[in-house]
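Heads up, the thing below is written out as structure tokens.
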Amino acid sequence: MKKIKLLSMSMLAILLFMTACDTEDETDGRYYIEGEYTGVLIGSTGSYTLNLEEGKVTAKVLFDNIIYNLSINESLYEGESITLTDGKITILLVDDGVDINISFNIPNHHIESTIVLSESSEPNRDYIGWTENFRNGVKVYRTTVNLTLHQGKRWTGIERVDVDVNPDDPNHESDQGKITKVNGTFSEDNSSISFFFTDGSPIFTLIKVENKLTVFENGTTTFEVELTRVDL
């Protein structure tokens, strides 16, 4: 009887220990993040997709017409960070408990980026491109503009001013080099997409031509926009 009692107590102790470990693992607040995210880059230009799942994070990055593939066999946990690199591009992901933030390190470039959750019911669409203004044949304004169309008929993007000159005004204060994160709403039909600022004021309407969105307005001042959809 004594031997059985001691064995029973030993088994009970082991079970209690195992139960305590399981409870700690389940209640320590570490929940991994799952989902697909996409976004756009400026510094030169590009876009990316990011997939998070249990035990693995993968990314595909288009930057200056080159595609990079990165992966790590780890999970991103709530409130923590994770780093992916292929030796050329480094991505830092940080979950602050509310949102996921992303930053890129690419040698000789200062990178600004966006990150948007892609919902399966309405997947993100990423575009990279530019706008240009000519006045009497002289280029007076050009921007790099990259954006993501996402759920809720909303768009999120970045714009960098590449050219800003006024030949008629030697005191013109140029915004060249300025980078702005912008967002708003959009509406679309089978042939076009109309973009609006968050206050509802219109920006422009672009025509769908295969995988591009474009518009060309000719006159004393010429205005042109071309955005190309990127599918990674």
Worksheet item: Is there a side chain to side chain contact (heavy atoms under 4.5 Å, CB included) between N105 and I89 once you walk through the steps?
Response: CA-CA 6 Å; N105 187 334; I89 289 180; over 6 Å; no
Worksheet entry | salt bridge (Lys or Arg N to Asp or Glu O under 4.0 Å): pairs with one or both residues in residues 221-232, sequence neighbours excluded | K212-E226, R229-D231
Worksheet item: Rest of the hydrophobic cluster containing F204 (Ile/Leu/Val/Met/Phe/Trp/Tyr, side-chain heavy atoms under 4.5 Å)?
Response: Y127, V145, L147, L149, W155, V182, F186, I193, F195, F197, I203, L206, L213, V215, F223, V225, L227
Worksheet item: Are V57 and L70 connected in a single hydrophobic cluster, I mean Ile/Leu/Val/Met/Phe/Trp/Tyr linked by side-chain heavy atoms less than 4.5 Å apart?
Response: yes
Worksheet item: Heavy-atom distance under 4.5 Å between the side chains of L52 and Y32, does that happen here?
Response: no
Discussion item. For a side chain to side chain contact (heavy atoms under 4.5 Å, CB included) check, start with the C-alpha distance between I42 and I179, then their side-chain angles and the critical distance, and finish with the verdict.
Written reply: CA-CA 8 Å; I42 276 185; I179 297 175; 4.2 Å; yes
Practice prompt. State, with a plain yes or no, whether a side-chain heavy atom of L41 is found less than 4.5 Å away from one of Y48.
Written response: yes
Fill in: Residue pairs fulfilling side chain to side chain donor-acceptor pair (under 3.5 Å) with at least one residue in residues 79-88, sequence neighbours excluded
R30-E80, T85-T90
Worksheet item: Quick one: ring pair (Phe, Tyr, Trp, His ring centres under 6.0 Å) partners of H109, sequence neighbours excluded?
Response: F63
Discussion item. For T131 and T143, which I'm curious about, is there any donor-acceptor pair between the side chains at under 3.5 Å?
Written reply: yes
Worksheet item: Hey, quick one: are V98 and Y31 part of the same hydrophobic cluster, counting side-chain heavy atoms closer than 4.5 Å, chains of contacts allowed?
Response: no
Discussion item. To the closest 0.5 Å, what do you measure between CG (D126) and OG1 (T38)?
Written reply: 3.5 Å
Worksheet, complete the sentence: Sequence neighbours excluded, the answer for side-chain hydrogen bond (donor to acceptor under 3.5 Å, both in side chains) partners of T49 is none
Worksheet item: Which residue pairs satisfy the salt bridge (Lys or Arg N to Asp or Glu O under 4.0 Å) criterion with at least one member in residues 54-71, sequence neighbours excluded?
Response: none
Worksheet item: Remaining members of L232's ILVMFWY cluster at a side-chain heavy-atom cut-off under 4.5 Å?
Response: L62, I67, I128, V230
Fill in: Test item: S118 side-chain N/O and N124 main-chain N/O as donor-acceptor pair under 3.5 Å
yes
Response to the item:
Residues passing the side-chain hydrogen bond (donor to acceptor under 3.5 Å, both in side chains) test with S194, sequence neighbours excluded, are T205
Worksheet item: When hydrophobic residues are tied together by side-chain contacts of less than 4.5 Å, even through go-betweens, does V40 share a cluster with I66?
Response: no
Worksheet item: Under 4.5 Å between any side-chain heavy atoms of T198 and T185, yes or no?
Response: no
Discussion item. Please evaluate residues I100 and V94 with respect to the criterion side chain to side chain contact (heavy atoms under 4.5 Å, CB included), reporting the C-alpha separation (whole Å), side-chain torsions for both, the decisive distance (0.1 Å), and the verdict.
Written reply: CA-CA 6 Å; I100 293 180; V94 178; over 6 Å; no
Item to complete: Measure from the side-chain N and O atoms of S113 to the backbone N and O of S103, and report whether any donor-acceptor pair falls under 3.5 Å.
Response: no
Discussion item. Taking salt bridge (Lys or Arg N to Asp or Glu O under 4.0 Å) as the definition, give me every residue that meets it alongside E132, ordered by chain and number, with sequence neighbours left out.
Written reply: K139, R142
Worksheet entry | Inter- and intrachain pairs under salt bridge (Lys or Arg N to Asp or Glu O under 4.0 Å), touching residues 182-201, at least two apart | R125-E188, K153-E188, E188-K208
Worksheet entry | Qualifying residue for side chain to side chain donor-acceptor pair (under 3.5 Å) with T45, from N146, T144, N65 | N146
Discussion item. Treating D96 as the side-chain partner and D99 as the backbone partner, does any N or O pair qualify as donor plus acceptor under 3.5 Å?
Written reply: yes
Fill in: Polar side-chain atom of N136 near backbone of T221 as donor-acceptor pair, under 3.5 Å
no
Item to complete: Kindly give the heavy-atom pair with the smallest separation between E122 and G152, and that separation in Å.
Response: OE1-N, 3.6 Å
Fill in: Contact check, side chains of N101 and L93, non-hydrogen atoms, under 4.5 Å
no
Worksheet item: Can you get from I82 to I115 by hopping between Ile, Leu, Val, Met, Phe, Trp and Tyr side chains that sit under 4.5 Å apart?
Response: yes
Worksheet item: What residue pairs, at least two apart or across chains, pass salt bridge (Lys or Arg N to Asp or Glu O under 4.0 Å) with a residue in residues 156-168?
Response: R135-D168, R160-D162
Item to complete: Working to the nearest 0.5 Å, report the span between CD1 of I72 and CD of E74.
Response: 3.5 Å
Practice prompt. Applying side-chain hydrogen bond (donor to acceptor under 3.5 Å, both in side chains), name anything that partners S121, two or more places apart in sequence or on another chain.
Written response: Q151
Discussion item. Counting C-beta onward and ignoring hydrogens, is there a side-chain heavy-atom pair between P167 and V140 closer than 4.5 Å?
Written reply: yes
Practice prompt. Flag the pair L50 / I102 as yes when at least one side-chain heavy-atom distance between them is below 4.5 Å, and no otherwise.
Written response: yes
Worksheet item: For P202 and F196, which heavy atoms make the closest approach, and how far apart are they?
Response: CA-CD2, 3.6 Å
Fill in: Heavy-atom side-chain proximity of V61 to I91 below 4.5 angstrom
yes
Worksheet, complete the sentence: Interatomic distance, CD@Q176 vs OH@Y141, rounded to 0.5 Å, equals 10.0 Å
Discussion item. Please give me the minimum heavy-atom distance between D95 and E78, naming the atom from each residue.
Written reply: OD2-CA, 3.2 Å
Discussion item. Is it the case that over 12 heavy atoms from other parts of the model lie below 6.0 angstrom from the NZ atom of K178?
Written reply: no
Worksheet item: Going hydrophobic residue to hydrophobic residue with side-chain gaps under 4.5 angstrom, can you get from I111 over to Y68?
Response: yes
